[in-house]
Protein chains: 2
Amino acid sequence: MGETTKMTPAARRILDTASELFYSKGIHAVGVETIASEAGVTKKTLYDRFGSKDQLIVAYLEERDQKWRKHLFSCMDEVPDDQPVDKILRIFDALENWMSTRNKRGCAFVNALAELSEETHPGRKVIIEEKKWLKELFASLLGQLQLENPDPIAEQLFILHEGLMVTYSLDIYERGTAGAKETAHMLIQSADYKKEEA
Amino acid sequence: MGETTKMTPAARRILDTASELFYSKGIHAVGVETIASEAGVTKKTLYDRFGSKDQLIVAYLEERDQKWRKHLFSCMDEVPDDQPVDKILRIFDALENWMSTRNKRGCAFVNALAELSEETHPGRKVIIEEKKWLKELFASLLGQLQLENPDPIAEQLFILHEGLMVTYSLDIYERGTAGAKETAHMLIQSADYKKEEA
DNA sequence: TTTCAAGTAAACCGATCGGTATATCTTAAT
DNA sequence: ATTAAGATATACCGATCGGTTTACTTGAAA
């Protein structure tokens with residue numbers, strides 16, 4: 001199910017239903033029978049459109065990845081391109097908004113990775129690529145500053161981001177993501193700038 | 001299965017087998033039949049000792065919690081009680097050691113929480129208590145310093161810890177936990193100390 | 001007007017799920 | 001010597017798992 005592929009109305013309903021159930025109940029805990037009936041569709045239609053449960057899982061992960069990136073960019077687009085520090089901090093704003101609306105059960109990718117233990121499952125690649133992409137996003141934004149060595153800082157920002165995401169569902173924070181944003185700011189400020197001479 | 005309860009040899013084998021399988025394959029992906037046969041035990045013995053799969057899951061989580069705390073304390077005990085900063089940093093050493101030996105698939109508690117979606121499942125309490133306990137451990141160690149407001153820092157250390165743990169299995173770090181330890185140190189140093197006057 | 005993709009309805013498949021039942025054996029404590 | 005706990009072996013239970021099959025209907029494009 002490629003990025004620009006138009007889905008049939010039934011396929012759309014199936015994927016929407018599966019996405020919600022996979023995230024809220026877990027992948028293995030939800031059967032195809034349940035998905036089909038909740039979507040108001042027969043099992044045959046589900047298999048005609050998606051081929052197998054595994055492929056439906058992959059479609060779920062790919063679409064969630066797309067939606068998250070889109071949300072992220074729409075938040076970051078509000079800050080001008082020549083202010084990379086603010087853009088980085090905006091990622092944490094985007095996360096807060098994302099979590100409070102459609103992320104009550106932690107990180108969908110981390111959760112899915114916990115269930116997809118088979119090394120060869122195609123869903124794993126989607127997940128790992130998503131994580132690498134985010135880490136690289138931090139790195140490329142830091143790269144716009146004149147930092148001596150942006151990668152270690154990008155790594156810490158990424159860890160901070162992931163930690164915040166997985167622990168958010170524990171409901172133990174009073175200040176939301178504000179604290180993490182301050183930590184992120186501190187991390188950026190702690191970096192050494194390139195020496196201009198030579 | 002309380003902390004000091006002596007298990008029968010069969011029960012011991014069952015729990016060991018279940019722990020390894022639950023962690024490596026996921027909870028829902030492993031059936032009681034598999035656990036019993038891998039442990040060299042009949043299903044009846046499993047049910048005689050643990051009552052149900054859910055109770056076996058709880059025993060798994062409780063024991064893993066105990067082992068982790070034991071490991072943590074044995075690492076922290078090597079640094080004197082009057083050096084709380086080093087004790088905090090030692091938590092990150094303990095984490096590195098723990099992860100490289102028995103944590104190749106991320107955080108067992110986060111993974112289990114992803115699969116236990118039912119709000120009433122007794123395993124959820126074990127997990128959430130474990131996370132709260134760790135956050136409080138950071139807070140109490142910071143409390144030994146004369147900090148103005150230790151809780152927000154404890155929160156950030158906790159997020160850092162969790163982020164490192166869940167992302168470790170992605171195999172994208174070259175320096176292991178060293179970077180996170182530096183971030184932790186920076187966080188502690190950033191805190192304001194209590195004003196001595198008044 | 002024909003054709004074809006998209007859909008419904010419902011039965012069916014072997015395998016596995018968590019859990020129970022019955023009957024027998026071994027071993028250590030009373 | 002007797003009892004009771006811990007264990008084995010094995011068959012069984014209804015329910016659900018992912019997936020397939022056959023037959024029929026609908027709607028829009030060629």
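This structure is a prediction, so every number in the text was calculated from the model and none was measured. Because only heavy atoms are used, hydrogens play no part in the values below, and waters and symmetry mates are left out as well, while side chains stay in.
- Although no hydrogens or angles enter the test, the distance criterion places no donor-acceptor pair under 3.5 Å between the side chain of H185(B) and the main chain of L89(B).
- Ion pairing of K104(B) with E119(A) is absent here, as no side-chain N (NZ or NE/NH1/NH2) approaches a carboxylate O to less than 4.0 Å.
- In this structure, L46(A) places its CG atom 16 Å from C1' of dA9(C), rounding to the nearest Å.
- Taking the salt bridge (Lys or Arg N to Asp or Glu O under 4.0 Å) definition, one finds that R105(B) meets it with nothing, sequence neighbours left out.
- Within residues 117-126 of chain A, no residue has any heavy atom under 4.0 Å from DNA chain C.
- With hydrogens and angles disregarded, a donor-acceptor distance shorter than 3.5 Å links the side chain of K53(B) to the backbone of I27(B).
- Between K131(A) and E162(A) a salt bridge is recorded (basic side-chain N to carboxylate O distance below 4.0 Å).
- For the pair Y47(B) OH and dG18(C) P, the computed distance is 6 Å after rounding to whole Å.
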Each nucleotide N or O in nucleotides 24-30 of chain D that has a protein N or O under 3.5 Å away: list the pair and distance.
none

Listed pairs under 3.5 Å, donor-acceptor, residues 34-41 of chain B side chains, sequence neighbours left out:
{"from": "S37(B)", "atom 1": "OG", "to": "T34(B)", "atom 2": "O", "distance (Å)": "3.3"}

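- Between K132(A) and E136(A) there is no salt bridge, since no side-chain N of the basic residue sits under 4.0 Å from a carboxylate O of the acidic one.
- When the P atom of dT20(D) is taken as reference, atom CZ of F50(A) falls 16 Å away, rounded to whole Å.
- A tilted orientation is assigned to the rings of H71(A) and W98(A), their planes being inclined by 30° to 60°.
- Distance CD1 (I27(A)) to P (dC17(D)): 15 Å, rounded to an integer number of Å.
- Every residue two or more places apart in sequence or in another chain was checked for a salt bridge (Lys or Arg N to Asp or Glu O under 4.0 Å) with E115(A), and none qualifies.
- No salt bridge links R90(B) with D86(B); every basic N to acidic carboxylate O contact stays at or beyond 4.0 Å.
- I14(A) has its CD1 atom 10 Å from the C1' atom of dG7(C), to the nearest Å.
- A side-chain donor-acceptor contact under 3.5 Å links S52(B) to the backbone of Q55(B).
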Original post:
Where along nucleotides 3-9 of chain D does protein come under 4.0 Å, by heavy atom, of base (B) or sugar-phosphate alone (S), with - for untouched nucleotides?
Top reply: ---SSBB
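- Taking atom CD of residue E33(A) and atom P of nucleotide dC17(C), one finds them 18 Å apart after rounding to whole Å.
- The nearest whole Å value for the distance from the NZ atom in K53(B) to the C1' atom in dA15(D) is 15 Å.
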